[in-house]
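Quick caveat: nothing in here was measured; it's all calculated off a predicted structure.
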Amino acid sequence: MFTDPQMATLGTSRAELESQYGGCDCITTGEASFEDQGRGAMVMRQNRGLMRLYAEHGSGQFLGAELFGPRVEHMAHLLAWMLEQKLSVSRILEMPFYHPVLEEGLRSALRDLNANLQQGPAITERCMECGPGD
């Protein structure tokens with residue numbers, strides 16, 4: 001099915017994460033709206049949409065994403081590689097993001113996700129009991 005703006009889901013959705021790991025508070029979300037994503041989306045007049053990314057507290061492992069916006073099939077492809085490699089959010093943010101491109105919005109969502117992650121030995125130990133990082 002094709003939509004405009006485009007939609008993509010990869011990895012584990014928030015609903016699936018809640019079902020699998022609900023109650024242990026081991027999962028966090030980062031997001032970015034296309035409404036304020038700078039010149040790329042604004043110039044193209046395609047500044048509608050939202051990205052939500054999911055990761056595990058403690059390990060910082062990237063778990064999945066739900067994307068709705070312009071040209072998100074490209075971002076989904078990049079994120080699928082990152083998911084396959086089991087990369088942490090901090091490792092993903094070490095990779096280059098070019099300017100000005102729509103993928104800068106993905107970097108914004110990743111930065112938000114990274115800021116929301118709780119990391120450290122106590123968190124890692126607690127989250128290993130119920131999360132995907134074990």
Side-chain angles (χ1 to χ4, degrees):
M1 172 185 284
F2 295 95
T3 62
D4 184 24
Q6 296 175 349
M7 296 171 33
T9 303
L10 61 131
T12 310
S13 71
R14 183 65 189 197
E16 292 169 327
L17 289 168
E18 288 292 328
S19 174
Q20 289 175 337
Y21 308 108
C24 75
D25 196 32
C26 293
I27 308 301
T28 192
T29 303
E31 64 181 47
S33 167
F34 279 96
E35 291 179 15
D36 59 355
Q37 284 307 311
R39 287 182 272 165
M42 298 288 276
V43 168
M44 293 174 14
R45 294 185 182 166
Q46 294 182 343
N47 58 329
R48 295 179 302 143
L50 181 69
M51 291 178 271
R52 285 206 175 117
L53 307 159
Y54 311 110
E56 179 189 42
H57 287 300
S59 71
Q61 183 179 342
F62 172 64
L63 300 174
E66 296 168 312
L67 313 170
F68 179 73
R71 302 184 185 171
V72 296
E73 82 275 18
H74 301 291
M75 291 175 243
H77 189 200
L78 294 172
L79 288 171
W81 284 345
M82 296 168 189
L83 190 64
E84 179 67 26
Q85 295 297 311
K86 297 183 179 356
L87 295 180
S88 68
V89 175
S90 61
R91 177 66 185 109
I92 295 169
L93 283 168
E94 292 172 1
M95 296 179 184
F97 287 83
Y98 301 108
H99 171 76
V101 296
L102 290 173
E103 285 77 6
E104 287 181 288
L106 178 57
R107 182 180 57 192
S108 297
L110 286 162
R111 285 178 173 166
D112 185 53
L113 181 59
N114 198 51
N116 294 335
L117 281 171
Q118 298 171 13
Q119 298 193 344
I123 299 295
T124 301
E125 186 175 311
R126 187 188 86 218
C127 288
M128 290 300 215
E129 295 173 10
C130 64
D134 40 337

Check: Ile27 and His57 side chains under 4.5 Å, non-hydrogen atoms: no
Close side-chain approach of Tyr54 and Leu113, heavy atoms under 4.5 Å: no
Side-chain heavy atoms nearer than 4.5 Å, only ILVMFWY residues, links allowed to pass through others: does that put Phe97 and Leu83 together? yes
Nearest heavy atoms of [X] and [Y], plus distance in Å:
X: Ala32; Y: Gly105; answer: CB-O, 3.6 Å
X: Leu117; Y: Gly60; answer: CD1-CA, 3.8 Å
X: Met75; Y: Phe34; answer: CE-CZ, 3.9 Å

Measure the spacing between [atom1] of [X] and [atom2] of [Y] and express it to the nearest 0.5 Å.
X: Phe62; Y: Glu84; atom1: CZ; atom2: CD; result: 12.5 Å
X: Met51; Y: Ser33; atom1: CE; atom2: OG; result: 8.5 Å
X: Leu79; Y: His74; atom1: CG; atom2: NE2; result: 13.0 Å
X: Gln61; Y: Glu56; atom1: CD; atom2: CD; result: 6.0 Å

Please say which of Leu63, Val89, Asn114, Leu106 ends up in a side-chain contact (heavy atoms from CB on, under 4.5 Å) with Leu53. Leu106
Using the test side chain to side chain contact (heavy atoms under 4.5 Å, CB included), find all partners of Leu78 that sit at least two apart in sequence or belong to another chain. Trp81, Met82, Glu103
Looking at residues at least two apart in the chain, or sitting in another chain, which of them share a salt bridge (Lys or Arg N to Asp or Glu O under 4.0 Å) with Glu94? Arg91
Please list, chain by chain and in numerical order, all residues satisfying salt bridge (Lys or Arg N to Asp or Glu O under 4.0 Å) with Glu31, sequence neighbours excluded. Arg52
Side-chain polar contacts of residues 7-14 - donor-acceptor pairs under 3.5 angstrom, sequence neighbours left out - could you list them?
from, atom 1, to, atom 2, distance (Å)
Ser13, OG, Glu16, N, 3.2
Ser13, OG, Glu16, OE1, 3.4
Arg14, NE, Glu18, OE2, 3.1
Arg14, NH1, Thr29, OG1, 3.0
Arg14, NH2, Glu18, OE2, 2.7

Where at least one partner belongs to residues 58-69, residue pairs that pass salt bridge (Lys or Arg N to Asp or Glu O under 4.0 Å), sequence neighbours excluded: none
Mind running side chain to side chain contact (heavy atoms under 4.5 Å, CB included) on Leu67 and Gln6 for me, showing each step along the way? CA-CA 8 Å; Leu67 313 170; Gln6 296 175 349; over 6 Å; no
Residues at least two apart in sequence or cross-chain that pass side-chain hydrogen bond (donor to acceptor under 3.5 Å, both in side chains) with Gln85, listed by chain then number, are none
Just jot down the side-chain hydrogen bond (donor to acceptor under 3.5 Å, both in side chains) partners of Ser88, sequence neighbours excluded, or say none. Ser90
